[in-house]
Amino acid sequence: MTTRVPDTTPGPVETMFAADEASRRLGIELVEHGEGTAVLRMTVTSSQVNGYRIAHGGCLFLLADTAFACACNSHGPATVAAGADIDFIAPAYEGDVLVATARERVRFGRSGVYDVSVARGDEVIAEFRGRSRTLRARIEEP
């Protein structure tokens, strides 16, 4: 009788996220991911609010961008942002727990389009759209 050992090798999302120092330093957590999807969480800290005591837009963008990166890298080849936009709908405050949910809209050739909703509980506070580009394989020099 042969016993199969489950494969515990990290996939492309886990590998990329583990190396993402910026996201880890902001306290972003990878909650779940699948093919073309990702869910990440972040609690807004005192160092992430601006002079009006609301979450800095750059921190919200980084949360959404990280969810986008996890979703578009779920297919395996290294994929980067070609562009992105964000609409801020409502402010977030220190102590708010934010959840960014990314989903693939379409992939074509080496490009893709992904939508990310950032929510506080049931309230959507930002909508992000990212456009991805899969990198060509590097050619090793002789």
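Note: hydrogens, waters and symmetry copies are ignored here, and every other heavy atom, side chains too, is used. Since this is a predicted model, take the numbers as computed values, not measurements.
Side chains of Phe128 and Asp65 form a contact here, defined as non-hydrogen atoms less than 4.5 Å apart. Taking 4.5 Å as the limit, some side-chain heavy atom of Leu63 sits within range of a side-chain heavy atom of Leu98. At least one side-chain heavy atom of Met16 sits less than 4.5 Å from a side-chain heavy atom of Cys70. Residues Glu29 and Phe17 form no side-chain contact, since every pair of their non-hydrogen atoms from C-beta on lies 4.5 Å or further apart. Side-chain contact between Thr37 and Ser74 is absent, with no heavy atoms from C-beta onward closer than 4.5 Å. Contact annotation: the side chain of Phe88 never approaches that of Ile125 to less than 4.5 Å [non-hydrogen atoms, C-beta and beyond].
Distance OG1/Thr134 to NE2/His75: 8.5 Å, rounded to 0.5 Å. Distance check: Glu94 CD to Ser47 OG gives 8.5 Å after rounding to the nearest 0.5 Å.
Across every non-hydrogen atom of Val116 and Ala100, the tightest pair is CG1-CB, 3.9 Å. The two residues Leu30 and Val13 come nearest to each other via the heavy atoms CD2-CG1, 3.9 Å. The two atoms that bring Gly76 and Pro12 nearest to each other are CA-CG, 3.8 Å, heavy atoms only. For the residue pair Ser23 and Leu62, the shortest heavy atom distance occurs at OG-CD2, 3.7 Å. For Ala67 against Leu40, the heavy-atom pair with the smallest separation is CA-CD1, 3.5 Å. The shortest heavy-atom contact between Phe68 and Ala81 is CE2-CB, 3.6 Å.
Checked options Asp115, Asp85, Asp87; the residue passing with Arg129 is Asp115 (criterion: side chain to side chain donor-acceptor pair (under 3.5 Å)).
Under the 4.5 Å side-chain contact rule for hydrophobic residues, Met42 and Ile54 do not share a cluster. Ile89 and Val118 are assigned to two separate hydrophobic clusters, defined by single-linkage of ILVMFWY side chains at heavy-atom distances under 4.5 Å. Both Ile86 and Val44 are part of a single hydrophobic cluster, where members link through side-chain heavy atoms under 4.5 Å apart.
Between the side chain of Thr15 and the backbone N or O of Gly11, at least one donor-acceptor pair lies under 3.5 Å. A donor-acceptor contact shorter than 3.5 Å links the side chain of Arg120 to the backbone of Pro91. Checking side-chain atoms of Arg24 against main-chain N and O of Ala18 turns up a donor-acceptor pair under 3.5 Å. The main-chain N or O of Val39 is never found under 3.5 Å from a side-chain atom of Thr101 such that the two would form a donor-acceptor pair. Listed for the Gln48 side chain is a donor-acceptor partner under 3.5 Å among the backbone atoms of Leu26. Judged by distance alone, the side chain of Asn73 and the main-chain N or O of Ala69 form a donor-acceptor pair under 3.5 Å.
Under 3.5 Å, the side chains of Thr79 and Ser132 contain no donor-acceptor pair of N or O atoms.
The environment of CZ in Arg110 is crowded: more than 12 heavy-atom neighbours from other residues, nucleotides or ligands sit within 6.0 Å. Within a 6.0 Å sphere centred on NE2 of His56, other residues, nucleotides and ligands contribute 12 heavy atoms or fewer.
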